[in-house]
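This report concerns only the one structure given below.
Just so it is clear, the model here is predicted, and its values are computed rather than measured. Just so you know, these numbers use all the heavy atoms, side chains as well, and skip hydrogens, waters and symmetry mates.
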Amino acid sequence: MSLSVLIFFAMLFVLVFLLRTLRVGAIVAFLLAGIISGPFVLDLFQVNSTWTFLGDLGILFLWFNIGLEINMKRLWKMRRTIFGFGAAQVLMVAVMLFPILVGITTWSILGVITISLLLAMSSTSEDLQLLTDRNQLNTTMGHQTFSILLFQDLLSIPLLAMLPVFAGRSLNFGATVIDVVVTSVTLIFGVVVIGRFVLNPLMKRVSKLKSREAFLLVVMLNIALWAVIMDLMGLPVGLGAFLAGMLMSETIYSHQVRAEIGPYALLFLSLFFVSLGMGLNLDVLLANWYIVVLGMVALVVIKFMALFMVARVRNIPVHDARLIALVLSQGGEFALLMFQTMKTSGISAVPPAHQEILTAIIILSMVSTPFLLAVHDRIMHSTKLFAKSRSRQLNGSGNDSQPEVIICGFGRVGQIIAYVLGTRKIPYVALDLDVNSIMIGRENGYNVFYGDSTNPAVLRDFGLASRRVRAVVVALDNANTARNAVLSVRSVAPRVKVFARARNLAESRSLLKEGVQEAWPETIESSLMLARGVLGQLGISNSVISTLLDEMRGENYAELDNAITDRCN
């Protein structure tokens, strides 16, 4: 292995460590690593066909991840906030940027419109990470912020569909709008139909194989297939990957897909941003450093003002409006991705040198957000007037995406627990790897999904890391699998209460040693229930029976140790 590779990974580790300590997203670390290792600084690597290919794969995975977040049920449930607040925010920022860009640039009208919309987009990955780190994702402010980010992701469909217009360098606004609307609606409708009648049956067959490799490969094939189809239609390949993500989001396998594809997506996404950093022309940026700095300040100020005004018009409290405006004041990876997509497609919406400057402005704005929030927090804590202002926590009742209980395993025990929780209107989610049980359960109204409960990434994606989850039920019939599930739960949420199913005393004690709150052995409990019935029939009072059984249950059935031989499975 060459020394340059060792230096590169050491530098990348240091950058990620330092920036995450400062609560700056890892995306910025990858970009800086690309700049430093590129031809303008250390010259460790050259931007060649290999890096370009890896960057293209990263583009596909980034589009796929964005599409994976677009779920029709979620959109419908949050439609008022998404299409109200989200659309108003993007429109207000674009309207404020449009006259400024027209006055200081020589771009075409269509180019100014598109750049204005791109700059109105914020960094979904950074903002969600910031809200999670600050424990504000499940607040009214976090809910409003997430709605805006969701609308921005949805807006990527028409923006991607507009790219061929740039290639033709023509501006027939009416025809363009009609083409974009028709294309967007057709693609979304196609996603719903194909997801239900084609992808779901295919994923069901693959899932029955219980092969992680086959599951992962069908996801990869889905991405590549749609990318090729869009390319043959003359549309950007990124749109194909985006639609592949939307297809997966409409299936019961979306959580497992997100967990399985996560490590690979992270790898290729990091390579994309590294290659993007390598491709930045530092000579151009240094020659125009004052434009970059002023542009970053102007972008942050304009977006803050626009967001704050829209939030206040919607009667959002001043404290929440201020936080929303700060969190979303930066540019985002979507704009970086669009610049790279236009570059690889040979589309010149704006001059290449201007794209370099815009890229640098967006990167700096992304770096600025954590520091602006830190300054805001310091002012808030040092000023008595603001100290009492807090974002209200949401109770989130009835929200499937924020369950109070997670059930691992949907066999007979899991189904009974789900039924009991359902009768009390307690939000829950169940996960299992048996596709037939899942399908039957969903037909009967149960909130059950395909997912591996021994995978911490899957549990985290179902919301285990949030404070809303109050209990986890491990209802798996295999002792080793149940133990692994408990260990995974403890690794993600050490403080959450875990209740487990055990077949006998040995399994019960083993699970209790792993930190399970309660582990009821089925063979013992069913025997005690039979004993209760027999004693009642013999005329013994209920209070005496209850005392006797409680004594037997005491200290994990210690009195029964010498009375039974626990040899059964």
Legend entry - Check against side chain to side chain contact (heavy atoms under 4.5 Å, CB included), Ile302 and Ile100: CA-CA 11 Å; Ile302 290 172; Ile100 298 174; 3.5 Å; yes
Inset, instruction - Check whether any side-chain heavy atom of Ser147 lies under 4.5 Å from a side-chain heavy atom of Ile82, and answer yes or no. - result: yes
Legend entry - His255 NE2 to Arg460 CZ distance, which is reported to the nearest 0.5 Å: 14.5 Å
Inset, instruction - Compare all side-chain heavy atoms of Phe64 with those of Val257 and state whether any distance is below 4.5 angstrom. - result: yes
Inset, instruction - Can you spot which of Leu60, Ile261, Leu225 makes a side-chain contact (heavy atoms from CB on, under 4.5 Å) with Met220? - result: Ile261
Inset, instruction - Determine whether the side chains of Gln330 and Asp127 contain a donor N or O and an acceptor N or O closer than 3.5 Å. - result: yes
Legend entry - side chain to side chain contact (heavy atoms under 4.5 Å, CB included) evaluation trace for Leu131 with Phe146: CA-CA 9 Å; Leu131 291 173; Phe146 179 75; 5.7 Å; no
Legend entry - Residue pair Ile148 / Leu307: nearest heavy atoms and the distance that separates them: CD1-CD2, 4.2 Å
Legend entry - Thr251 (side chain) donor-acceptor with Met248 (main chain) under 3.5 angstrom: yes
Inset, instruction - Output yes when a side-chain donor or acceptor of Arg258 lies under 3.5 Å from a complementary backbone atom of Leu68, and no otherwise. - result: yes
Legend entry - Beyond-backbone contact of Leu97 with Val112, side-chain heavy atoms, under 4.5 angstrom: no
Inset, instruction - Would you name the heavy atoms of Ala360 and Leu285 that are closest together and state the gap between them? - result: CB-CD2, 3.8 Å
Inset, instruction - Locate the shortest heavy-atom distance separating Ala29 from Leu12; write the atom from each residue and the value. - result: O-CD1, 4.1 Å
Inset, instruction - Check whether any side-chain heavy atom of Leu155 lies under 4.5 Å from a side-chain heavy atom of Phe334, and answer yes or no. - result: no
Inset, instruction - Measure the spacing between CG of Leu101 and CD1 of Ile113 and express it to the nearest 0.5 Å. - result: 11.0 Å
Inset, instruction - Decide yes or no on side chain to side chain contact (heavy atoms under 4.5 Å, CB included) for Val318 and Phe308, but give the supporting numbers first. - result: CA-CA 8 Å; Val318 174; Phe308 185 79; 4.3 Å; yes
Inset, instruction - Determine the interplanar angle of the Trp107 and His354 rings, folded into 0 to 90°, and report it as parallel if under 30°, tilted if 30 to 60°, perpendicular if over 60°. - result: tilted
Inset, instruction - Check the pair Leu42 / Phe8 against side chain to side chain contact (heavy atoms under 4.5 Å, CB included), numbers first and verdict last. - result: CA-CA 10 Å; Leu42 297 181; Phe8 172 74; over 6 Å; no
Inset, instruction - Would you check if Ile316 and Gln144 make a side-chain contact, meaning some heavy-atom pair closer than 4.5 Å? - result: yes
Legend entry - Heavy-atom side-chain proximity of Ile115 to Leu119 below 4.5 angstrom: yes
Inset, instruction - Output, in order, the C-alpha distance, side-chain angles, deciding distance and verdict of ring-ring contact (aromatic ring centres under 6.0 Å, His included) for Phe215 and Tyr450. - result: CA-CA 12 Å; Phe215 188 89; Tyr450 183 89; 5.6 Å; yes
Inset, instruction - Compare every heavy atom of Ala244 with every heavy atom of Ile223, then report the nearest pair and how far apart it is. - result: CA-CB, 3.8 Å
Inset, instruction - Calculate, to the nearest 0.5 Å, the distance between atoms CG and OG belonging to Leu32 and Ser37 respectively. - result: 10.5 Å
Inset, instruction - For residues Phe371 and Val367, report the shortest heavy-atom separation together with the two atoms involved. - result: CD1-O, 3.1 Å
Legend entry - Check: Ser365 main-chain N/O paired with Thr369 side-chain donor or acceptor under 3.5 Å: yes
Inset, instruction - Supply the atom-to-atom distance Phe30 CZ to Leu19 CG, rounded to the nearest 0.5 angstrom. - result: 10.5 Å
Inset, instruction - Report yes if some heavy atom in the side chain of Phe40 is under 4.5 Å from a heavy atom in the side chain of Ile35; otherwise report no. - result: no
Legend entry - Shortest non-hydrogen separation from Met278 to Gly38 and the atoms involved: CG-CA, 4.1 Å
Inset, instruction - Calculate, to the nearest 0.5 Å, the distance between atoms CE and CD1 belonging to Met121 and Ile362 respectively. - result: 11.0 Å
Legend entry - Gln152 side chain to Ser122 backbone, donor-acceptor under 3.5 Å: yes
Legend entry - From CD1 (Ile357) to CD1 (Ile291), nearest 0.5 Å: 5.0 Å
Inset, instruction - May I ask you to test the Lys303-Leu328 pair for a side-chain heavy-atom distance under 4.5 Å? - result: no
Inset, instruction - Could you tell me whether the side chain of Gln89 and the main chain of Ala120 form a donor-acceptor pair under 3.5 Å? - result: yes
